[in-house]
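The next block holds one structure in the form of structure tokens; read it before the comments.
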Amino acid sequence: MAPPELRTERLVLRQWREDDRDAWAAMNADPRVMEHFPSTLTRAEADQWLEFNRDRLEARGWGLWAVEVPGVAPFIGFVGLNGPGFDVPGHGEDCLEVGWRLAAEHWGKGYAPEGAQAALDLAWDELGLDEVVSFTAVGNTKSRRVMEKLGLVLEREFDHPRVPDGSPIRRHALYRIGRPER
């Protein structure tokens with residue numbers, strides 16, 4: 001199934017392209033972008049991530065879309081829906097997360113909430129979900145603000161099982177949002 005292209009007022013959420021690779025690798029090597037992750041990614045790790053997510057987006061028709069801003073930038077990062085791959089406290093392994101990662105030069109322009117809202121609309125209207133979660137390191141105030149702008153509500157804090165004990169980013173804030181009444 002070909003993934004749909006989602007459009008917002010300013011953004012295009014689309015399938016990943018080969019010409020996204022260099023910008024994606026540079027973004028994941030940037031310590032500012034990866035501050036709330038266990039480490040930056042090598043070029044090989046960034047390429048592997050891109051290929052995996054491109055294939056999943058193609059297979060499922062939804063996932064983590066590459067984001068472009070027409071007339072501004074051909075690639076600024078990703079926004080989308082993804083399974084977390086671990087047992088999220090109170091939600092299990094089968095829940096879906098709305099998430100984003102943008103290049104630092106595109107922070108603070110409202111792109112993350114705009115793209116994430118398009119992904120949430122797809123979650124409600126196309127996938128029929130009743131809830132979506134999102135989580136980040138407790139100290140990631142920028143992402144937490146995006147979650148709150150989207151209407152997600154802080155549910156609890158938890159220790160992320162894929163972050164090593166003793167890491168300053170192990171403690172995460174878990175937010176959730178239920179299907180809006182329409």
Side-chain angles (χ1 to χ4, degrees), residues 1-6 8 11-17 20-21 23-25 27-28 33-41 45-68 75-103 106 111-137 140 142-144 146-147 149-156 158-163 169 172-179:
M1 169 190 324
E5 188 174 271
L6 305 180
T8 69
L11 307 175
V12 176
L13 281 62
R14 59 165 173 77
Q15 178 59 287
W16 294 79
R17 298 189 300 235
D20 297 331
R21 283 185 188 274
W24 173 246
M27 199 180 111
N28 286 283
V33 172
M34 301 303 285
E35 176 184 7
H36 300 287
F37 291 88
S39 67
T40 57
L41 299 182
E45 290 168 332
D47 283 346
Q48 182 180 22
W49 189 102
L50 185 149
E51 291 164 14
F52 177 78
N53 283 284
R54 178 185 58 203
D55 292 347
R56 286 182 72 181
L57 187 59
E58 184 73 28
R60 296 187 302 198
W62 57 270
L64 300 174
W65 286 272
V67 180
E68 70 177 78
F75 175 83
I76 66 165
F78 77 74
V79 173
L81 301 167
N82 197 39
F86 63 90
D87 188 7
V88 175
H91 300 275
E93 293 183 27
D94 295 328
C95 64
L96 285 187
E97 173 195 13
V98 61
W100 48 87
R101 187 179 314 162
L102 302 181
H106 299 288
Y111 296 146
E114 184 175 330
Q117 186 60 61
L120 286 171
D121 290 344
L122 183 127
W124 312 137
D125 300 339
E126 302 296 322
L127 302 180
L129 298 180
D130 291 325
E131 76 170 14
V132 173
V133 300
S134 194
F135 48 87
T136 189
N140 188 347
K142 290 178 179 72
S143 279
R144 293 181 73 171
V146 171
M147 293 172 196
K149 282 182 184 178
L150 290 165
L152 283 96
V153 176
L154 178 63
E155 188 173 272
R156 69 178 65 168
F158 71 100
D159 289 333
H160 196 299
R162 292 190 172 160
V163 178
I169 63 163
H172 271 54
L174 173 64
Y175 287 74
R176 72 169 293 281
I177 187 170
R179 172 193 290 275

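Residues W24 and N53 have side chains not in contact (no heavy-atom distance under 4.5 Å, counting atoms from C-beta outward). Between M147 and T136, the closest side-chain pair of non-hydrogen atoms falls below 4.5 Å.
Residue L152 comes nearest to S134 through the heavy atom pair CD2-CB, 3.7 Å, listed as atom of the first residue, atom of the second, then distance. Residues L11 and G115 approach most closely at CD1-N, 3.6 Å, considering heavy atoms. Closest approach of P113 and L150 over heavy atoms only: O-CD2, 3.4 Å. Here the shortest heavy-atom pairing between P4 and G61 reads CD-O, 2.6 Å. The two atoms that bring A66 and W16 nearest to each other are N-NE1, 3.7 Å, heavy atoms only.
Distance CE/M27 to OG1/T40: 12.5 Å, rounded to 0.5 Å. Annotation: the span from T8 atom OG1 to L13 atom CG amounts to 7.0 Å, rounded to 0.5 Å. Separation of atoms CD (Q15) and CG (L57) is listed at 4.5 Å; rounding is to 0.5 Å. The CZ atom of F135 sits 5.5 Å away from atom CZ of F158, with the distance rounded to the nearest 0.5 Å. I169 CD1 to D159 CG: the interatomic distance, rounded to the nearest 0.5 Å, is 12.0 Å. Atom CZ in R17 sits 12.5 Å away from atom CZ in R54 (nearest 0.5 Å).
For E126, the side-chain contact (heavy atoms from CB on, under 4.5 Å) partners two or more places apart in sequence, or in a different chain, are L122. Every residue two or more places apart in sequence or in another chain that forms a side-chain contact (heavy atoms from CB on, under 4.5 Å) with R179 is listed here: W124, D130. Applying the side-chain contact (heavy atoms from CB on, under 4.5 Å) rule to H36 yields the partners A137, N140; only residues at least two apart in sequence or on another chain are considered. In this structure Y175 satisfies the side-chain hydrogen bond (donor to acceptor under 3.5 Å, both in side chains) test together with R144, E148, sequence neighbours excluded. Under the side-chain hydrogen bond (donor to acceptor under 3.5 Å, both in side chains) criterion, R14 pairs with D20, E68, sequence neighbours left out.
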I'd like a table of donor-acceptor pairs (distance under 3.5 Å, sequence neighbours excluded) in which one partner is a side-chain atom from residues 76-102, with atom names and distances.
| from | atom 1 | to | atom 2 | distance (Å) |
| --- | --- | --- | --- | --- |
| H91 | ND1 | E131 | OE2 | 2.5 |
| H91 | NE2 | E155 | OE1 | 3.2 |
| H91 | NE2 | E155 | OE2 | 2.6 |
| W100 | NE1 | S143 | OG | 3.2 |
| R101 | NH1 | N28 | OD1 | 2.5 |

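Ion pair R21/E51 flagged as a salt bridge, since at least one NZ, NE, NH1 or NH2 atom sits closer than 4.0 Å to an Asp/Glu carboxylate oxygen.
Between Y111 and H106, the ring planes lie tilted relative to each other; the angle falls in the 30° to 60° range.
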